[in-house]
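Just follow the structure's listing: the first ligand is 1, and inside any ligand the first atom is 1. No experiment lies behind these values; they were computed from the predicted model shown.
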Amino acid sequence: MIALTLAEIAAIVGGQQHDIPDPGLIADGPVVIDSRDVRPGSLFAAFAGERVDGHDYAERAVAAGAVAVLADRPVGVPAIVVDDVVAALGVLARAVVDRLGTTVVALTGSAGKTSTKDLIAQLLERLGPTVWTPGSLNNEIGLPVTALRADAGTHTLVLEMGARGIGHIHYLTEITPPRVGLVLNVGTAHVGEFGGREQIAVAKGELVEALPPADAGGVAVLNADDPLVRAMSSRTKARIVLFGESADADVRAENVRLTAAGQPSFTLHTPTGCGDVTMRLYGEHHVSNALAAAAVAHELGMPAHEIASALSAAGQLSRWRMEVTERADGVTIVNDAYNANPESMKAALRALAAMGEAATAKGGRTWAVLGRMAELGEESLAEHDAVGRLAVRLNVSKLVAVGDKEAAWLRMGAYNEGSWGEESVHVSDAQAAVDLLRSELRPGDVVLVKASRSVGLEWVAQQLLTGE
Ligand code: ATP
Ligand code: MG
């Protein structure tokens, strides 16, 4: 964090100083929420979580070098006491971002936020020092903590914004007002909680409503291929930049194909030129993510040929997203177990099928080891059925559906599409899946592992990689 005295911090957040020997003490280390992350000069923000209460770690944090604790009650060590620590963190981040004047790029969408944020960060790093959301820390705590890492040298803050309801994105935009706002897509993630795709669009669109008008530099980067996102252009006064495969998109891809390894390759067109891209990431859904990132980089002044070369060089920053590892025995594991929704399941299956073309030439087979897609509400049965069917239509050699009810629906979809017997199996849990795969896998096989976060299927991928 930029250097602030405890007195300044207390004034910004409207807090009371307790047990502070000297209000002139300076906090200039990272703001942290876990006492194990404390560095000298840190401010430790204490929250009462579901299982642990950060206030119990206040003493430990100070012993480790924290200058003070941001807390909702006196804790016996130097503290700035406020009514609501989460709100105070937001207020502090807003004050710091305003003081620095850093350009904020914010993005939201149903699928691909983290992948795209990581791509944007890798492009913008070429223009100057960039701070971005680590992993998926995209909520009312992770967002201010990330923003507080910016300092006077930071050119751009790239922030992922997540929403689980109406008003969430609006709140996040108040903490870090974006100049560039990107909406990737409106899918069915969390549709059960929102109560419909239109409601999701209302929530995601809060991002473009928060942008400054065009003459003040506001830019809304919208997916031309997603009607609910395109329609958001009427909700903002910012300049509209469209990306996608639609002919009228400002930033678009032509000659899109997947290489034999499953990596997208295309010609990038921006208003200032074009360039050829072959990505290191896997799966055709990354074309859309890459175009989104390209549109942002273009708006911030990067020429097309440089965007193309940066996209071709960009690698994986966050874990368990289409992580491809070949074992010594020639079995390839594709770990996409970070999360799943209908769109990403289908995209991952298509990537698996593309990899399968090369694999089958070597005598290998493709395996889709899939678990539940959570939070789909009434659409759950139909969506699981559709994924099972798609696996068959793409000629995936083996479907292993892992878990209870939803896994049975996946298997049923495959069955109804014409796969029965050994081509699709339903196993009760991850251990059973590992046992089955250990006995069946042979050199040349490619195994996709994917399910919603709560299923924890990365364990299967890890077992297959470590316990050969
Ligand atoms: P979360 O809401 O969990 O933070 P996210 O929006 O950050 O998710 P990612 O973590 O980038 O999304 O990707 C989640 C899953 O969606 C991964 O399985 C990934 O392969 C897939 N995915 C990534 N981009 C897209 C896209 N444009 N369309 C569909 N699926 C995608
Ligand atoms: Mg994410």
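An N or O contact shorter than 3.5 Å links Ser115 to ligand 1 by distance.
Between Ser288, Gly109, Gly112, it is Gly112 that holds the heavy atom closest to atom 12 (O) of ligand 1. Here the shortest heavy-atom distance to atom 21 (C) of ligand 1, taken over Ala347, Ser344, Gly135, belongs to Ser344. Of the options His285, Glu343, Lys346, Glu160, the smallest heavy-atom separation from atom 25 (C) of ligand 1 is shown by His285.
The pair Arg239-Asp250 does not count as a salt bridge, with every side-chain nitrogen at least 4.0 angstrom from each carboxylate oxygen. Using a 4.0 Å cut-off between a side-chain N of Lys or Arg and a carboxylate O of Asp or Glu, Glu458 and Arg453 qualify as a salt bridge. Under the 4.0 Å criterion applied to side-chain N and carboxylate O atoms, Glu375 and Arg164 are assigned as salt-bridge partners.
Using a 3.5 Å distance cut-off with no hydrogens or angles, the side chains of Asp118 and Gln122 do not pair a donor with an acceptor. Between the side chains of Arg372 and Ser380, no donor N or O sits under 3.5 Å from an acceptor N or O. Between the side chains of Ser265 and Thr259, no donor-acceptor pair is found at a separation under 3.5 Å.
In this structure, Ser110 has a heavy atom closer than 4.0 Å to ligand 1.
Heavy-atom proximity to Asn339, at under 4.0 Å, picks out these atoms of ligand 1: 3 (O), 18 (O). Near Arg321, the atoms of ligand 1 lying under 4.0 angstrom from a non-hydrogen atom of the residue are 9 (P), 10 (O), 11 (O). Short contacts between ligand 1 and Lys450, defined as distances under 4.0 Å to a heavy atom of the residue, involve ligand atoms 17 (C), 18 (O). Atoms of ligand 1 lying under 4.0 Å from at least one heavy atom of Asn138, given by number and element, are 4 (O). Heavy-atom contacts of Asn289 reach the following atoms of ligand 1: 23 (C), 24 (N), 25 (C), 26 (C), 27 (N) (cutoff under 4.0 Å).
Using a 4.5 Å heavy-atom cutoff, the side chains of Val131 and Thr102 are not in contact. The closest side-chain heavy-atom distance from Pro271 to Val251 is below 4.5 Å.
At a cut-off of 2.8 Å, Ser136 is counted among the residues with an N, O or S atom near the Mg ion (ligand 2).
At the Mg ion (ligand 2), the vertex angle linking OG1 of Thr114 with OE2 of Glu160 is 90° (nearest 10 degrees).
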